[in-house]
Amino acid sequence: MQGSPERTVFEGGVAFPLMVVRREALEHNIATMAAFARDHGMELAPHVKTHMSREIAAMQLGAGAWGLTVATTRQAMAARGFGAARVMVANQVVDPAGLEWAAGELARDPGFEFLSFADSVTGVDILARHASARPFTVLAELGHDGGRAGCRSLE
């Protein structure tokens, strides 16, 4: 049934979707970003939600990435499995199961850092309710009137 929607595996048994990367280009891009961050006194936490690849994450961390950025706590669990000592969720986390996992990781490993955003007192309260002995590191997300997210005032 070549070309049919039911066909999800090609010769060799690899399922779609499939990411194909030119190693030379990947290595160049990782080295270029690492050098740019280092040369400008910045710390880099590349967003891994697109590749979700243990191998690529290891290359990024090996090149000096400060940590890994993800979009969800499920992705944070994967990034932790990739060996990241620092994971930043680039969203406000309100998922109880994800927060319980993060609190457990913080309690289990004193070297682990978990960062997430909050754009309201309510968001901070949710994080506080799920924290263990080590509180969550919270980054205040600032926004503007009419914007997508973020605090609208200092209050």
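All values reported here derive from a predicted model rather than from experimental measurement.
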### Task
Please step through side chain to side chain contact (heavy atoms under 4.5 Å, CB included) for the pair Lys49 and Val70, ending with a clear verdict.
CA-CA 5 Å; Lys49 75 176 181 181; Val70 295; 5.6 Å; no
### Query
Could you walk me through whether Val124 and Phe136 pass the side chain to side chain contact (heavy atoms under 4.5 Å, CB included) check?
CA-CA 9 Å; Val124 172; Phe136 293 116; over 6 Å; no
#### Entry: Worked verdict on Gln75 versus His47 for side chain to side chain donor-acceptor pair (under 3.5 Å)
CA-CA 10 Å; Gln75 292 173 1; His47 210 308; 5.3 Å; no
### Message
Between Met88 and Leu139, does the side chain to side chain contact (heavy atoms under 4.5 Å, CB included) criterion hold? Intermediate values first, please.
### Response
CA-CA 10 Å; Met88 178 169 50; Leu139 307 169; 3.6 Å; yes
#### Entry: Verdict with reasoning, Val94 to Gln92, per side chain to side chain contact (heavy atoms under 4.5 Å, CB included)
CA-CA 6 Å; Val94 296; Gln92 182 166 307; 4.1 Å; yes
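Other residues, nucleotides and ligands contribute only 12 or fewer heavy atoms inside 6.0 Å of the CZ atom of Arg23. Environment of CE in Met33: sparse, with no more than 12 heavy atoms of neighbouring residues, nucleotides or ligands closer than 6.0 Å.
Looking at heavy atoms from C-beta onward, Val89 lies out of side-chain contact with Thr72 at the 4.5 angstrom threshold. Under the 4.5 Å side-chain criterion, counting only non-hydrogen atoms from C-beta, Phe117 is not in contact with Val93.
Smallest separation of non-hydrogen atoms from Phe114 and Thr73: CZ-CG2, 4.4 Å. Minimum interatomic distance between Leu26 and Val21 (heavy atoms only, all atoms of both residues): CB-CG1, 3.6 Å. When every heavy atom of Leu68 is checked against every heavy atom of Ala57, the shortest pair comes out as CD1-CB, 3.9 Å. Residues Met52 and Ala78 come closest through the heavy atom pair CE-CB, 3.4 Å. Summarising the geometry of Gln60 relative to Pro46, their closest heavy-atom pair is NE2-CB, 3.5 Å, with the distance given to 0.1 Å. The shortest heavy-atom contact between Met42 and Phe36 is CE-CE2, 3.3 Å.
From Leu61, atom CG reaches atom CD1 of Ile56 across 12.0 Å, with rounding to the nearest 0.5 Å. Atoms CD and CE, from Glu27 and Met59 in turn, are 4.5 Å apart once rounded to the nearest 0.5 Å. The CZ atom of Arg108 sits 12.0 Å away from the OG atom of Ser132 when rounded to the nearest 0.5 Å. Once rounded to the nearest 0.5 Å, the distance linking CG of Leu127 with OG1 of Thr122 reads 11.0 Å.
Without hydrogens or angle criteria, Arg86 side chain to Trp66 main chain gives a donor-acceptor distance under 3.5 Å. Panel note: side chain Asp119, backbone Glu141; no donor-acceptor pair is recorded below 3.5 Å. Of the possible donor and acceptor atoms, none in the side chain of Ser116 sits under 3.5 Å from a partner among the backbone N and O of Val138. Listed for the His28 side chain is no donor-acceptor partner under 3.5 Å among the backbone atoms of Glu24.
Linking Ile, Leu, Val, Met, Phe, Trp and Tyr whenever their side-chain heavy atoms come within less than 4.5 Å puts Phe112 and Leu99 in one cluster.
A salt bridge links Asp109 with Arg80; the closest basic N to acidic carboxylate O contact falls under 4.0 Å.
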